[in-house]
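Computed over heavy atoms, backbone and side chain alike; hydrogens, waters and symmetry mates excluded.
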Amino acid sequence: MGSFTATTRHGREVGGADDARHFEERGWTRVPLLVQWMATARCPLRCPHCLAHEDGPARVELSTAEALDLVDQVVDLGVGEFLITGGEPLVREDLPVVLDRLRGRAASWSLNTAVLPTGEAKRAIERHPPVFAAVSLDGPREVHDAFRGRSGAFDEALASLAFFRSLGVRTAAGTTITRANLPSLEETAAVVARSGASSWGIHLLFPEGRAAKRPDLFPNRRQLARLMRFVARLRPHFPVTFADEFGWCGDWEPLLRDGPLACGAGRLQCVVLPDGEVVPCTTQDRTTSAGNVRQRPLAELWRDGFAELRARRPRGRCGSCGYFPACGGGCWLQRRNDECFRDVWEAPRPLARAAGLAVTLGLVGAAALGDEATGDRDEPATEEAEPDRSGEVAGGLEGAIVAWYGRALPDHGRGLPGEVRAPRVPADPPDDPGWRFFERYRDGELPAGLAERAAAVHEALGTAEHSPALGNLLWRTLVEVVLDGPSAEERSLAERQAVRDVLGELRTAVEAWRREVAERQLDPYLARGRTMLRYRFEMSKALIRPPVWVDLARDTAVERWGRGGPHAEALEGWVDRHPFGEALALTIAAGEDKVWRVEDGACVETEPEWTLGPLDLLFARQGPEAAKVTVGWGEDERREVELPAGMMLTWADVVRLAFEQHGEALAEAGLRPGNPLFLPLARERRAAAWLADFWLF
């Protein structure tokens with residue numbers, strides 16, 4: 001529902017202490033960073049969620065003369081970015097005239113579209129291309145065409161992205177999440193990566209426009225939780241801008257964004273509707289208008305308007321919410337529709353599962369992708385800023401493993417092309433146990449036996465490069481043999497002991513490595529004090545650097561995440577709250593059967609229901625019969641599983657047993673890569689089971 005933007009400047013150099021004080025003292029910028037112009041409500045498509053639809057009362061669009069005057073006002077005012085959107089802006093007949101005026105004023109612009117430019121509009125764009133273009137892409141071909149109401153719309157969207165790329169324009173694929181396209185998120189990710197788009201913007205619906213009459217389109221809370229997990233998993237591999245409309249995300253904020261959300265509605269930006277009304281953000285509700293550019297200049301409307309938004313006073317449920325100092329009320333579209341997703345990101349049971357290994361692997365972050373995937377990374381430090389050390393985590397062995405995964409995953413709708421993801425493995429890697437292990441695994445030279453694999457893992461843990469991605473690979477190495485090799489009952493005593501010992505060593509190592517990453521990557525703002533490097537969240541969705549005076553880094557870092565503040569605990573103990581492998585954790589309900597957790601080599605009594613993580617061991621009670629337990633994953637997936645009595649079992653053993661006993665039913669249920677039981681099914685079918693390393697964690 002939101003727009004995709006890029007920050008630019010139009011001739012006027014904005015900066016200085018006065019501008020900085022204006023924002024700090026008054027809460028809004030002297031000049032808008034962004035002005036969106038909904039050029040028209042017309043569109044050749046018939047999307048069921050359209051905000052700028054023509055279904056309501058007919059309104060007279062700005063005339064050509066009025067549109068040109070708006071352009072002049074925007075340029076003269078020194079607005080940071082002028083974004084032309086709609087409806088479908090390319091259907092406006094005088095758009096070439098508008099673009100020629102922008103060209104004559106040497107002013108840059110941005111575009112949101114869903115179609116391929118043709119005719120005079122195409123020629124005008126070729127004469128004066130936008131600095132940034134976002135093209136709507138709702139999913140794979142059948143999903144997109146059905147949603148847009150026109151066969152061929154998908155191919156046209158891809159052609160549009162290719163056209164703008166050919167002009168050297170930074171591009172984004174824009175997806176508004178609905179129940180219709182949620183099931184195809186993974187496939188859409190592959191489509192976006194293949195499209196050549198520089199980034200992927202993900203937005204949420206709000207009940208405005210046509211969407212107000214389509215409650216069937218809105219994802220439920222459980223689906224929103226899945227979306228969060230998906231974005232957290234994907235961000236290490238492709239630049240994703242997560243929905244501003246979701247608002248603040250609590251503990252999840254560092255996993256979903258490069259910094260805390262800061263809503264700019266009426267404070268940093270405004271929207272000019274087709275008839276000239278000026279509203280804070282993307283809505284057609286004219287009750288929020290500051291006035292009309294037909295009656296008053298844009299500069300006056302900006303100066304005098306949006307007083308309530310600029311006051312930043314908590315209202316409604318925000319007034320009694322302890323998160324308000326950090327959240328700030330979230331997204332304005334949230335507040336005006338009385339929506340809050342706190343119950344999604346705060347709920348421990350449905351959400352605690354997926355965040356964990358987003359740190360383990362996810363915090364490789366966009367730095368591991370290289371500049372060609374993330375766009376310009378021009379982030380100049382101030383004199384007092386410390387050097388950016390994010391590359392120390394993302395490069396070396398960590399980056400090499402990510403690169404290898406990227407090239408190894410198949411391009412069949414769930415993988416992403418490797419060349420857009422990470423740097424290649426160096427030709428002459430260091431002489432290090434971790435590097436040697438990686439090379440042996442990559443080349444298929446590791447031993448097949450479980451005890452021998454455990455010994456190889458033990459040796460690799462002596463690496464000098466503390467790489468969370470290596471931790472994943474070591475775990476994978478052991479689980480492969482457990483899933484495919486002799487069962488737990490068939491293992492020798494030496495094999496059982498080797499597995500128990502090396503899992504304990506691996507647990508200690510990955511917890512330490514993840515903590516190092518968390519301290520460096522989850523808390524980049526605080527590590528540099530009040531004078532910091534700029535991070536991508538301070539930039540536009542096109543990752544272009546903002547005017548230097550917008551020091552949002554300091555404000556959001558100290559006021560929302562600062563040490564000693566009311567919400568400093570948001571980052572404290574993050575690794576403890578989100579242990580390794582939450583996305584794959586299984587719930588064990590033992591009933592009357594005695595099942596122990598193995599900790600430090602000893603059996604420990606458990607609660608009637610407890611969690612078995614990927615590095616955990618359990619021991620089924622001694623007895624003449626198998627112990628029966630209920631194994632659960634997620635909220636609905638629960639199966640009764642018989643465990644061999646008197647046996648120490650790994651997480652992978654339990655997954656294997658569950659699949660062996662219920663494989664047919666599980667296959668019929670349509671297992672997806674988000675389910676741990678997908679692993680043995682995928683290996684049985686010789687499919688890409690190890691998508692789990694990135695897509696499940």
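- Side-chain contact annotation: T606 with W596, donor-acceptor N/O pair under 3.5 Å absent.
- Judged by distance alone, the side chains of Q497 and R500 do bring a donor and an acceptor atom under 3.5 Å apart.
- No hydrogens or angles considered: nothing links the side chains of S184 and N181 as a donor-acceptor pair under 3.5 Å.
- A salt bridge is absent between R656 and D484: the closest approach of a Lys/Arg side-chain nitrogen to an acidic carboxylate oxygen does not fall below 4.0 angstrom.
- When side chains are defined from C-beta on, F659 does not count as touching L483, because their heavy atoms never get closer than 4.5 Å.
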Should V654 and V631 be marked as a side chain to side chain contact (heavy atoms under 4.5 Å, CB included) after you check the CA-CA gap, both sets of side-chain angles, and the distance that decides it? CA-CA 8 Å; V654 176; V631 176; 3.8 Å; yes
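- Counting only distance, with no hydrogens or angles, the side chain of E495 and the backbone of S492 share a donor-acceptor pair below 3.5 Å.
- Applying the 6.0 Å contact sphere to NE2 of H662 captures more than 12 heavy atoms from other residues, nucleotides or ligands.
- Counting heavy-atom neighbours within 6.0 Å of E445 CD, excluding the residue itself, gives a total above 12.
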Evaluate the side chain to side chain contact (heavy atoms under 4.5 Å, CB included) criterion for residues D431 and R436: first the C-alpha distance (whole Å), next the side-chain angles of each, then the deciding distance (0.1 Å), finally the verdict. CA-CA 7 Å; D431 184 16; R436 289 196 296 270; 2.5 Å; yes
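- Using a 4.5 Å heavy-atom threshold, the side chains of S199 and V240 count as separate.
- Within the model, atoms NZ of K628 and CD of E642 stand 5.0 Å from one another, a figure rounded to the nearest 0.5 Å.
- Interatomic distance, S487 OG to M647 CE, rounded to the nearest 0.5 Å: 7.5 Å.
- Under the 6.0 Å distance and 45° angle rule, R442 counts as a cation-pi partner of F438.
- V499 is not listed as a side-chain neighbour of L478, based on a closest heavy-atom distance of 4.5 Å or more.
- Across every non-hydrogen atom of H144 and G139, the tightest pair is CB-O, 3.7 Å.
- Side-chain contact check for L227 versus F242: some heavy-atom pair is nearer than 4.5 Å.
- The shortest heavy-atom contact between R440 and P447 is NH2-CD, 3.4 Å.
- Between atom CD of residue E439 and atom CG of residue L446 there is a gap of 11.5 Å, rounded to the nearest 0.5 Å.
- Nearest heavy-atom pair across P614 and F580 is CD-O, 3.9 Å.
- Atom CH2 of W475 and atom CG of L506 lie 10.0 Å apart (nearest 0.5 Å).
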Evaluation steps, side-chain hydrogen bond (donor to acceptor under 3.5 Å, both in side chains), between W200 and T175: CA-CA 8 Å; W200 186 17; T175 303; 2.8 Å; yes
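- Taking 4.5 Å as the limit, every side-chain heavy atom of Q661 sits out of range of all side-chain heavy atoms of E640.
- To the nearest 0.5 Å, the span separating CG on D501 from CD on E505 amounts to 6.5 Å.
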Starting from the C-alpha separation in whole Å, work towards a yes-or-no answer on side chain to side chain contact (heavy atoms under 4.5 Å, CB included) for L503 and V457. CA-CA 9 Å; L503 281 177; V457 169; over 6 Å; no
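- Considering all non-hydrogen atoms of both residues, V482 and A652 come closest at CG1-CB, 3.5 Å.
- Two residues are said to be in side-chain contact when any heavy atoms from C-beta on lie closer than 4.5 Å; L182 and F230 fail this criterion.
- A donor and an acceptor atom, one from each side chain of T463 and D432, are located under 3.5 Å apart.
- At distances below 3.5 Å, at least one donor-acceptor pair connects side-chain atoms of W345 with backbone N or O atoms of W248.
- The aromatic rings of W513 and H466 lie parallel to each other, with less than 30° between the two planes, well short of the 60° mark.
- Under the 4.0 Å criterion applied to side-chain N and carboxylate O atoms, R453 and E480 are assigned as salt-bridge partners.
- Here the closest heavy-atom approach between residue G632 and residue R638 is recorded as CA-CG, 3.9 Å.
- Annotation: side chain of D616 is in contact with side chain of R597 (closest heavy-atom distance under 4.5 Å).
- Within the 3.5 Å criterion, the main-chain N or O of L397 finds a donor-acceptor partner in the side chain of E465.
- Contact check on R226 versus E186 returns a salt bridge, with a Lys/Arg side-chain nitrogen under 4.0 Å from an Asp/Glu carboxylate oxygen.
- With rounding to the nearest 0.5 Å, the separation of CG in L224 from CD1 in I177 is 9.5 Å.
- At a threshold of 4.5 Å between non-hydrogen side-chain atoms, the residues T630 and V641 do not count as touching.
- At least one donor-acceptor pair closer than 3.5 Å links the side chain of R507 to the backbone N or O of L615.
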Verdict with reasoning, L461 to H458, per side chain to side chain contact (heavy atoms under 4.5 Å, CB included): CA-CA 5 Å; L461 288 172; H458 169 77; 5.5 Å; no
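- Nearest heavy atom pair, residue V598 against residue L618, reads CG2-C, 4.0 Å.
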